[in-house]
Peer 1: 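Dropping the structure in here first, questions after.
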Amino acid sequence: MEKIRVRFAPSPTGSPHIGNIRTAVYDWLFRQRHGGSFVVRIEDTDRARFVPTSLDELLDSLRWLGLQWDEGPEVGGEYGPYFQSERLTHYDKLVKQLIEQGDAYYCFCTSERLAEMRKAQEAAKQPTGYDRACVSCSKEDVQSKLAQGIPAVVRFKVPQDGNTSFHDVVRGEITFENRLLDDFVLLKSDGFPTYQFANVVDDHLMEITHIIRGEEWISSTPKHVLIYQAFGWTPPVFAHPPLIFGSDRTKLSKRHGAVAFLDYKERGFLPEAMLNYLTTLGWSDGTDQELFSRDELIEKFTLEGIVNHPVIFDMQKLEWMNGVYIRAADIGLITELCLPYLQKAGLLPANPTPAEMEYASSVIALEKDKLKVLSDVAELTSFFFQDELEFDEKGVGKWLSKEHVPTLLGKLMDKLSALTDFSIEGIDAVVREVGEEMEMSGGQVIHPTRMAVTGRTVGPGLFETISALGQARVVARIKRTLEMLSEMQVG
RNA sequence: GGCGCCAUGGUCUAACGGUUAGGACACGGCUCUUUCAAGGCCGCGGCGGGGGUUCAACUCCCCCUGGCGCUACCA
């Protein structure tokens with residue numbers, strides 16, 4: 001295969017979404033698989049919708065996922081500039097060529113006239129499209145209007161008969177009738193090109209070999225092909241992956257969970273899990289496998305494996321997959337990634353002491369396997385950090401309100417405070433010893449004890465929990481629980 | 001309205017035209033267990049409808065229905 005060149009061509013008009021980033025994932029995987037170059041090109045031709053922060057978000061998203069680009073913003077490259085707003089001379093020159101060839105023409109219609117025309121067409125249930133009012137203006141007329149400074153756009157002159165077809169790797173041959181394509185705008189009156197034009201020009205100038213972009217572009221692809229033909233250029237290979245929708249088959253929105261891609265980073269998804277999920281959402285290697293390492297994805301990814309139907313984003317499955325990755329991840333990494341969440345929740349100071357760090361690490365280790373997203377860590381471990389326990393009401397009723405509990409906890413507190421070997425084994429032995437003395441099963445001792453030291457009915461193994469909390473904390477907590485219980489009796 | 005794309009359980013997906021239609025998430029049950037997870041086992045649940053072609057159709061063709069996209073001087 002020739003050197004492949006793929007591009008990710010986002011518009012900086014807002015926070016990048018799941019769908020945007022997934023096409024970047026496919027671009028990157030394809031590039032990694034075959035070599036060549038992954039180009040990032042910023043399509044900032046819509047000055048009205050430009051959002052300055054979106055470029056940073058875009059690049060941060062790619063960096064977070066580990067999708068390094070070979071050419072584009074920050075890294076430059078031989079085919080730059082990579083911002084369309086800096087490439088205006090290219091478009092200008094080429095649009096003039098089309099006009100001279102008779103493949104494009106100036107149009108002076110006002111947006112008001114166009115709106116009325118469209119309205120009439122809709123009312124008459126006719127296909128909408130430009131009525132070519134300006135197609136046959138004389139050269140002199142055009143020159144005089146331009147000289148007067150009347151705002152003009154340049155339109156492509158679409159052939160009125162015949163068909164335009166192209167091959168889509170994902171869907172096969174797709175054909176459109178030319179007469180149903182209207183004379184679309186190439187150059188806007190502000191001098192900026194439209195997407196349709198700039199995109200084709202840049203893909204050609206940058207020698208892009210494969211265009212991977214969302215299905216929403218299928219309808220405009222014949223227009224692009226027509227432009228390639230007008231210039232005598234060879235179109236690249238097209239691949240249109242399916243769109244991603246929310247659970248109700250509508251566009252992904254806040255109701256379906258996070259929309260902005262970086263929100264997933266914020267919530268504590270691991271990049272490897274995101275990469276895995278995003279790739280397999282709408283792609284398969286033809287087997288049952290759905291857990292793939294980064295290297296496996298690179299090795300196995302093919303454009304042909306992309307499915308051709310819309311897919312629905314399933315947060316539950318993503319969370320499951322993230323849990324799989326968290327469990328498999330190195331504890332050191334998970335600890336490091338969890339610390340900010342504890343700090344944000346006010347459970348850990350911004351500059352923890354070594355002792356606090358060690359304590360936090362031991363606590364995170366106990367809950368690691370239960371995390372679906374890293375941000376869960378705060379809720380899961382808060383009782384380790386807050387001595388003022390929030391008692392689970394049902395748990396109190398079930399485990400602490402029995403008559404024998406104060407005796408039980410009293411014995412336990414004495415033995416634990418006297419314990420010299422505060423290890424998991426030592427604690428285990430003490431708890432069971434108390435159980436024997438009280439003639440109770442392990443569970444009957446363990447549940448009230450967990451309530452007394454954590455306030456909760458669920459948590460890590462009790463002995464591990466007690467050991468991690470440490471002798472002083474545990475004894476103090478049991479004492480307070482006893483005080484609370486006696487107050488309750490008085491009250 | 002026009003044009004285009006698409007159609008396997010709720011969701012993501014697999015299946016040379018010949019399989020009891022497989023796997024995963026979710027859900028339910030059991031098990032393991034000091035709780036919660038994780039794990040193991042079991043279960044629930046599917047080829048949108050109608051015509052063809054064929055000895056044989058989830059698979060190929062047509063129609064219908066449904067979903068989605070496009071129909072801008074937005075991308």
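On a predicted model such as this, the values are computed, not experimentally measured, just so you know. Proteins come first, then strands; the chains are lettered A, B, ... in the order of their sequence lines, and each starts at number 1.
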Peer 1: How is A/T13 classified with respect to the nucleic acid when contacts are heavy atoms under 4.0 Å: base, sugar-phosphate, or nothing?
Peer 2: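 No contact.
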Peer 1: Looking at every strand, decide which applies to A/F245 at a 4.0 Å heavy-atom threshold: base, sugar-phosphate, or nothing.
Peer 2: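 If one applies the 4.0 Å heavy-atom cut-off, A/F245 turns out to touch the sugar-phosphate alone, with no base involved.
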Peer 1: If you only use heavy atoms from C-beta on, which nucleotide in B/A37, B/C6, B/G67 is closest to the side chain of A/R171?
Peer 2: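 For the A/R171 side chain, the nearest candidate turns out to be B/C6.
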Peer 1: For nucleotides 41-50 of chain B, print each protein N/O atom paired with a nucleotide N/O atom at under 3.5 Å, atom names and distance only.
Peer 2:
none

Peer 1: Please classify the nucleic acid contact of A/R456 as base, sugar-phosphate, or nothing, using heavy-atom distances under 4.0 Å.
Peer 2: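 If one applies the 4.0 Å heavy-atom cut-off, A/R456 turns out to touch nothing in the nucleic acid.
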Peer 1: Tell me the interatomic distance from A/E215, atom CD, to B/U71, atom P, rounded to whole angstroms.
Peer 2: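 After rounding, the reported distance stands at 14 Å.
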Peer 1: What is the distance from NE2 of A/H224 to P of B/G4, rounded to the nearest Å?
Peer 2: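 To the nearest whole Å, that distance equals 18 Å.
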Peer 1: How close or far is atom P of B/C5 from atom CD1 of A/I244, stated in whole angstroms?
Peer 2: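 Spelled out: CD1 on A/I244 to P on B/C5 is 21 Å.
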Peer 1: Output, in order, the C-alpha distance, side-chain angles, deciding distance and verdict of side-chain contact (heavy atoms from CB on, under 4.5 Å) for A/T457 and A/H447.
Peer 2: CA-CA 7 Å; A/T457 58; A/H447 295 302; over 6 Å; no
Peer 1: Any N or O donor-acceptor pair linking the side chain of A/K317 to the base of B/A26 at under 3.5 Å?
Peer 2: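 Counting by modelled atom types and ignoring angles, no donor-acceptor contact under 3.5 Å is found here.
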Peer 1: What is the ring orientation for A/F166 with A/F238, classed by angle as parallel under 30°, tilted 30 to 60°, or perpendicular over 60°?
Peer 2: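 Because their plane-to-plane angle is over 60°, the rings of A/F166 and A/F238 count as perpendicular.
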Peer 1: What heavy-atom pair brings A/K372 and A/I326 nearest, and what distance separates the two atoms?
Peer 2: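 Shortest heavy-atom separation between A/K372 and A/I326 comes out as O-CD1, 3.7 Å.
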Peer 1: Once you round it to whole Å, what is the distance between P of B/A72 and CG of A/D182?
Peer 2: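 Those two atoms, CG and P, are 7 Å apart.
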Peer 1: Which is true for A/I174 with a 4.0 Å heavy-atom rule: it touches a base, it touches only sugar-phosphate, or it touches nothing?
Peer 2: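 Answer is sugar-phosphate: A/I174 comes under 4.0 Å of backbone atoms only.
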Peer 1: To the nearest Å, give me how far apart CZ (A/F156) and C1' (B/A72) are.
Peer 2: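 To the nearest whole Å, that distance equals 18 Å.
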Peer 1: So, A/R47 and A/D190, do they make that salt bridge, N to O below 4.0 Å?
Peer 2: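 Looking at A/D190 together with A/R47, the answer is yes, because their closest N to O distance falls below 4.0 Å.
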Peer 1: Specify the residues of residues 40-58 of chain A, ordered by number, for which at least one heavy atom lies under 4.0 angstrom from an atom of RNA chain B.
Peer 2: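 By residue number: A/E43, A/T45, A/D46, A/R49.
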Peer 1: Verify whether the ring centers belonging to A/Y195 and A/W217 lie closer than 6.0 Å.
Peer 2: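 Yes, the ring centres sit under 6.0 Å apart.
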Peer 1: Mind checking who B/U59 pairs with, Watson-Crick or G-U wobble, both distances under 3.5 Å?
Peer 2: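 With both distances under 3.5 Å required, B/U59 matches none.
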Peer 1: Assign A/E177 to base, sugar-phosphate, or nothing according to its heavy-atom contacts below 4.0 angstrom with the strands shown.
Peer 2: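 Since no nucleic acid heavy atom lies under 4.0 Å of A/E177, the category is nothing.
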Peer 1: Using the ring-ring contact (aromatic ring centres under 6.0 Å, His included) rule, pick out the option among A/F292, A/F313, A/F269 that qualifies with A/Y277.
Peer 2: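 Between A/Y277 and the candidates, ring-ring contact (aromatic ring centres under 6.0 Å, His included) is satisfied uniquely by A/F313.
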Peer 1: Just to be sure I understand the rule, does A/P10 reach a base, reach only the sugar-phosphate, or reach nothing, if contact means heavy atoms closer than 4.0 Å?
Peer 2: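 Since no nucleic acid heavy atom lies under 4.0 Å of A/P10, the category is nothing.
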Peer 1: Does OP1 or OP2 of B/A14 have a side-chain N or O of A/S284 closer than 4.0 Å?
Peer 2: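 Answer yes for this pair, as a side-chain N or O of A/S284 is under 4.0 Å from OP1 or OP2.
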Peer 1: For a quick check of understanding: with a heavy-atom distance under 4.0 Å over all strands, which category does A/S247 fall into, base, sugar-phosphate or nothing?
Peer 2: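 It contacts nothing in the nucleic acid.
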Peer 1: Between B/C3 and A/R179, is there an OP1 or OP2 to side-chain N/O distance shorter than 4.0 Å?
Peer 2: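 No, no such contact exists.
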Peer 1: Looking at RNA chain B, which of residues 124-135 of chain A put a heavy atom within less than 4.0 Å of it?
Peer 2: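 Within residues 124-135 of chain A, the residues near RNA chain B are A/K125, A/P127, A/T128.
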Peer 1: Could you tell me the separation between the CD atom of A/E216 and the C1' atom of B/C6, rounded to a whole number of Å?
Peer 2: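 Rounded to the whole Å, the gap is 15 Å.
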Peer 1: Nearest whole Å is fine: how far is B/A24 P from A/D314 CG?
Peer 2: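 So the two atoms are 15 Å apart, to the nearest Å.
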Peer 1: Under a 4.5 Å cut-off applied to non-hydrogen side-chain atoms, are A/M413 and A/L408 in contact?
Peer 2: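 In short, these two side chains do not touch, never coming nearer than 4.5 Å.
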Peer 1: Looking at A/N20 and A/H17, would you say the former's side chain and the latter's main chain have a donor-acceptor pair under 3.5 Å?
Peer 2: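 Looks like yes, one N/O pair under 3.5 Å.
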Peer 1: Report the residue (A/G286 or A/L318) whose heavy-atom-nearest nucleotide on RNA chain B is the more 5′ of the two.
Peer 2: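 It is A/G286 whose nearest nucleotide is closer to the 5' end.
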Peer 1: A/F176 has a side chain; which of B/A24, B/C3, B/A14 sits nearest to it?
Peer 2: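 Ranking B/A24, B/C3, B/A14 by closest atom to the A/F176 side chain puts B/C3 first.
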Peer 1: For the side chain of A/V458, counting heavy atoms from C-beta on, which of B/C74, B/C12, B/C36 is nearest?
Peer 2: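 The answer is B/C36.
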Peer 1: Are A/Y26 and A/F8 close enough that their ring centres sit under 6.0 Å apart?
Peer 2: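 Centroid distance A/Y26-A/F8: not below 6.0 Å, so no.
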Peer 1: If you pin A/R118 and A/T457 to their nearest nucleotides in RNA chain B, which one's is more 5'?
Peer 2: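 Nearer the 5' end of the strand: A/T457.
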Peer 1: Categorize A/V307 for me: base, sugar-phosphate, or nothing, with a 4.0 angstrom heavy-atom threshold over every strand shown.
Peer 2: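 The residue A/V307 makes sugar-phosphate contact but no base contact.
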Peer 1: Closest heavy-atom contact between A/R179 and A/Q160?
Peer 2: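 For A/R179 versus A/Q160, the nearest heavy atoms are CB-O, 3.3 Å.
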Peer 1: Looking just at side-chain N and O atoms, do A/D248 and A/T250 make a donor-acceptor pair shorter than 3.5 Å?
Peer 2: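 A/T250 and A/D248 do have a side-chain donor-acceptor pair below 3.5 Å.
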Peer 1: Need one value for A/L281: base, sugar-phosphate or nothing, where a base atom within 4.0 Å counts as base even if backbone is also close, heavy atoms only.
Peer 2: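 A/L281: backbone/sugar contact only, no base atoms under 4.0 Å.
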Peer 1: Taking the C1' atom of each, how far is B/G48 from B/C30, in whole Å?
Peer 2: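 Their C1' atoms lie roughly 36 Å apart.
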Peer 1: Please pick, from B/C6, B/A75, B/A26, the nucleotide with the shortest atom-to-atom distance to any side-chain atom of A/N308.
Peer 2: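 Nearest listed nucleotide: B/C6.
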Peer 1: Between A/H309 and B/U13, is there a side-chain N or O to OP1/OP2 distance below 4.0 Å?
Peer 2: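 For B/U13, OP1/OP2 do have a side-chain N/O of A/H309 under 4.0 Å.
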Peer 1: Only pairs with both distances under 3.5 Å count, Watson-Crick or wobble alike; so what is the partner of B/G66 in this structure?
Peer 2: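 Checking every strand shown, B/G66 finds its partner in B/C6, with both distances under 3.5 Å.
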Peer 1: Who does B/C27 pair with, Watson-Crick or G-U, both distances under 3.5 Å?
Peer 2: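 Matched B/C27 with B/G43 under the 3.5 Å cut-off.
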Peer 1: Could you state the CD1-C1' distance from A/I218 to B/C5, rounded to the nearest angstrom?
Peer 2: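 From A/I218 CD1 to B/C5 C1': 5 Å.
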Peer 1: Please determine whether a side-chain nitrogen or oxygen atom of A/K368 lies at a distance below 4.0 Å from atom OP1 or OP2 of B/A37.
Peer 2: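 No, outside the criterion.
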Peer 1: Now, which nucleotide makes the Watson-Crick or G-U wobble pair with B/G1, with each of the two distances under 3.5 Å?
Peer 2: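 With both distances under 3.5 Å, B/G1 matches B/U71.
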Peer 1: Quick check: do A/L88 and A/F192 have side-chain heavy atoms less than 4.5 Å from each other?
Peer 2: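 Side-chain contact under 4.5 Å: yes.
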Peer 1: Over all heavy atoms of both residues, which pair between A/L342 and A/A360 is shortest? Give the atoms and the distance, please.
Peer 2: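 In this case the closest contact between A/L342 and A/A360 is CD1-CB, 4.3 Å.
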Peer 1: When we call it a touch if two heavy atoms are under 4.0 Å apart, what does A/T175 touch: a base, just sugar-phosphate, or nothing?
Peer 2: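 Counting heavy atoms under 4.0 Å across all strands, the contact made by A/T175 is with sugar-phosphate only.
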Peer 1: Select base, sugar-phosphate, or nothing to describe what A/G442 touches, counting heavy atoms under 4.0 Å on all strands.
Peer 2: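 Contact class for A/G442: none.
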Peer 1: Angle between ring planes, A/F261 versus A/Y264, binned at 30° and 60°: parallel, tilted or perpendicular?
Peer 2: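 A/F261 and A/Y264: tilted rings.
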Peer 1: At their closest point, which heavy atom of A/N199 faces which heavy atom of A/Q84, and how far apart are they?
Peer 2: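 Residues A/N199 and A/Q84, closest heavy atoms: N-NE2, 3.9 Å.
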Peer 1: Is A/R450 touching bases, backbone alone, or none of the nucleic acid, heavy atoms closer than 4.0 Å?
Peer 2: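 Base, at least one base atom sits under 4.0 Å.
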Peer 1: Under 4.0 Å, counting only non-hydrogen atoms across every strand here, what does A/V311 touch: a base, just sugar-phosphate, or nothing?
Peer 2: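 Answer is sugar-phosphate: A/V311 comes under 4.0 Å of backbone atoms only.
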